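Below is one structure, written out as structure tokens, with a few remarks after it.
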Amino acid sequence: MGVTVKIEEIKELMRKALALRGIAGEYAEFMISDYLESELEGHRTHGLSKFLTVDAGLSRRSGDMKLIKQKGCYAQVDGNGELGHIAALYSTNLAIAAAKEHGVGITALKNVGRYSRITPYARKISKEGLVGMITNNGGPACVAPFGGAKAMFGTNPLCFSFPSKRGKPYIFDFATSQKVWGEVRQSIVENRPLPDHCFIDGEGNFTTDPEKAEAGVPFGGPKGYALCYALEVMTGAFVGAKMGYDAKDEYDLGYLFVAFSPEMFTTLDAFADEVDGLAEDVRNCPPMKPGGQVFVPGEIFGNRPVSQIPSDEAEVEEDVYRRLKIMSVSLDGGYENNKKLN
């Protein structure tokens, strides 16, 4: 059951909850913006219900992050249990700086709590006039290999971002599973069934019962499975993190941030003109169905164009709203750290 709440009230509840947990200033505002943007755009799996898992991401903070290695265009960071949003911002900035100097910047990150979406970090890269490519292990194991009946991989999202002259970058952010694992949490929160043919139970049968879901399935059949598998390696063995069954919790996972300068092969102006031109051609592509419209990836959420998303209030699940109010005055209220609600 949903309740309508003013956006400013939600922000204030989140701000107070984060302050009680030692997060304030620009980091708190960045997190609030990320979760709220997800909620309003229709990505509720990464919205306010995801915010309720923040205590798990704060459970192992143990000091400053460590720059393990930095050489030329690449760096490796040990987050030392830091909150994912903070560690990801730091890693993004390292990649941006290296790309501006060397043409390419690569940061490998491990030992951090999870953040929410990749989008904010990719956006930050492309607002600097760079092409972004970011991926992370979306585990621990919650996606079965194609044809398999047991979870082995993460949801392993991949995001590309491209600078533009239109005022904001183009961002393509997607999981390599049919649905993100957060769909299980959201189905429980909203008391509704899971989407068909996206999750399997312990015996390998498709299920729409979130309480029986043990694994998701890759999108795109064997091709999506191959991409999911490849990203498991890129965010595991390649960055010095764990993968597959060896990734026991979120602190075992790996993250990879890459920034490319268009100036390596062309000019930023020429690149942006070409990218904007292609996007316009895509929007003008004749639709398959009369009255339809073709969108560039990232321009439509929750069956609504971004321009139609309300900005002053939101409908929030009653239990989520109740928990936010508890979190704003205490260290209680969040979801327990388990596979179904992470």
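Bear in mind the structure is a predicted one, so any value in this text is a computation, not a measurement. No hydrogens, no waters, no symmetry mates; every other heavy atom, side chains included, goes into these values.
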Check: Are Y90 and F257 close enough, and set up right, to give a ring-ring contact (aromatic ring centres under 6.0 Å, His included), and what steps lead you there?
Finding: CA-CA 10 Å; Y90 175 69; F257 303 82; over 10 Å; no
Checklist line | Shortest non-hydrogen contact between I200 and F206, atoms and distance | finding: CG2-CD2, 4.0 Å
Item checked: Chi angles and distances behind the ring-ring contact (aromatic ring centres under 6.0 Å, His included) call for F153, Y229 -> CA-CA 7 Å; F153 302 117; Y229 193 144; 5.1 Å; yes
Next item on the list: Using the salt bridge (charged side-chain N to carboxylate O under 4.0 Å, His left out) rule, collect all pairs that involve residues 65-92, keeping only residues at least two apart or in two chains.
Entry: R61-E82
Next item on the list: Identify the two heavy atoms, one from A247 and one from P140, that lie closest to each other, and give their separation to 0.1 Å.
Entry: O-CB, 3.1 Å
Note to self: I need the I10 CD1 to E39 CD distance, nearest 0.5 Å.
What the structure shows: 7.0 Å
Notebook entry, point to check: Roughly how far apart are L268 CG and L130 CG, rounded to 0.5 Å?
Noted result: 8.5 Å
Check: Got more than 12 heavy atoms from elsewhere within 6.0 Å of CG, N191?
Finding: no
Check: Can a salt bridge be assigned to the pair E37 and R117 using a cut-off of 4.0 Å between side-chain N and carboxylate O?
Finding: yes
Check: Looking only at heavy atoms, what is the nearest atom pair of M327 and F51, with distance?
Finding: CE-CE2, 4.0 Å
Item checked: Flag, side chain of T107 to backbone of S91, donor-acceptor distance under 3.5 Å -> yes
Next item on the list: Please report the closest heavy-atom contact between A122 and I134, naming both atoms and the distance.
Entry: N-CD1, 3.4 Å
Margin query: Working to the nearest 0.5 angstrom, can you tell me the gap between F260 CZ and I125 CD1?
Written below: 9.5 Å
Notebook entry, point to check: Side chains of S161 and S126: do they bring a donor and an acceptor to under 3.5 Å?
Noted result: yes
Note to self: Could you measure the distance from the CG atom of D34 to the NZ atom of K50? Nearest 0.5 Å is fine.
What the structure shows: 10.5 Å
Next item on the list: Can you establish whether the number of heavy atoms outside K165 located under 6.0 Å from its atom NZ is more than 12?
Entry: yes
Next item on the list: Without swapping roles, check the side chain of R44 against the backbone of S49 for a donor-acceptor pair under 3.5 Å.
Entry: no
Note to self: Walk me through whether E183 and R192 qualify under salt bridge (Lys or Arg N to Asp or Glu O under 4.0 Å).
What the structure shows: CA-CA 10 Å; E183 191 72 40; R192 60 167 171 80; 2.7 Å; yes
Check: Would a hydrophobic clustering, with Ile, Leu, Val, Met, Phe, Trp and Tyr connected at side-chain separations under 4.5 Å, put Y335 with L48?
Finding: yes
Note to self: Test side-chain contact (heavy atoms from CB on, under 4.5 Å) on K212 and N205; report intermediate values, then the result.
What the structure shows: CA-CA 10 Å; K212 293 181 179 179; N205 300 310; over 6 Å; no
Notebook entry, point to check: Rounded to the nearest 0.5 Å, how far apart are OG of S328 and CD of E12?
Noted result: 9.0 Å
Margin query: Taking the six-membered ring for Trp, are F172 and F160 closer than 6.0 Å centroid to centroid?
Written below: no
Item checked: Transitive ILVMFWY side-chain link V239 to L227, under 4.5 Å -> yes
Next item on the list: Answer with yes or no whether the side chains of D173 and T119 bring together a donor and an acceptor at under 3.5 Å.
Entry: yes
Notebook entry, point to check: Going by the angle between their ring planes, with limits at 30° and 60°, are Y115 and H85 parallel, tilted or perpendicular?
Noted result: perpendicular
Check: Rounded to the nearest 0.5 Å, how far does OG1 of T45 lie from CZ of R185?
Finding: 6.5 Å
Note to self: Check for me whether R166 meets the cation-pi criterion with Y170, that is, NZ or CZ under 6.0 Å from the six-membered ring centre and within 45 degrees of the ring axis.
What the structure shows: yes
Margin query: If we count only N and O atoms by modelled type, under 3.5 Å, do the side chains of D276 and S164 hold a donor and an acceptor together?
Written below: yes
Note to self: Under a plain distance cut-off of 3.5 Å, with no hydrogens placed, do S59 and Y251 share a side-chain donor-acceptor pair?
What the structure shows: yes
Next item on the list: In sequence, state the C-alpha distance, the side-chain angles, and the governing distance for D249 and R60, and then conclude on salt bridge (Lys or Arg N to Asp or Glu O under 4.0 Å).
Entry: CA-CA 12 Å; D249 61 35; R60 294 193 195 174; 2.5 Å; yes
Notebook entry, point to check: What do the steps show when you test R15 against E29 for salt bridge (Lys or Arg N to Asp or Glu O under 4.0 Å), and what is the final call?
Noted result: CA-CA 8 Å; R15 196 172 288 123; E29 296 308 313; 2.7 Å; yes
Item checked: Atom of P193, atom of S187 and distance for their closest heavy-atom approach -> O-OG, 3.8 Å
Check: So, Y321 and E9: side-chain donor and acceptor under 3.5 Å apart, yes or no?
Finding: yes
Checklist line | Where at least one partner belongs to residues 129-152, residue pairs that pass salt bridge (charged side-chain N to carboxylate O under 4.0 Å, His left out), sequence neighbours excluded | finding: none
Check: In the single-linkage hydrophobic clustering (I, L, V, M, F, W, Y; side-chain heavy atoms under 4.5 Å), do V189 and V54 co-cluster?
Finding: yes
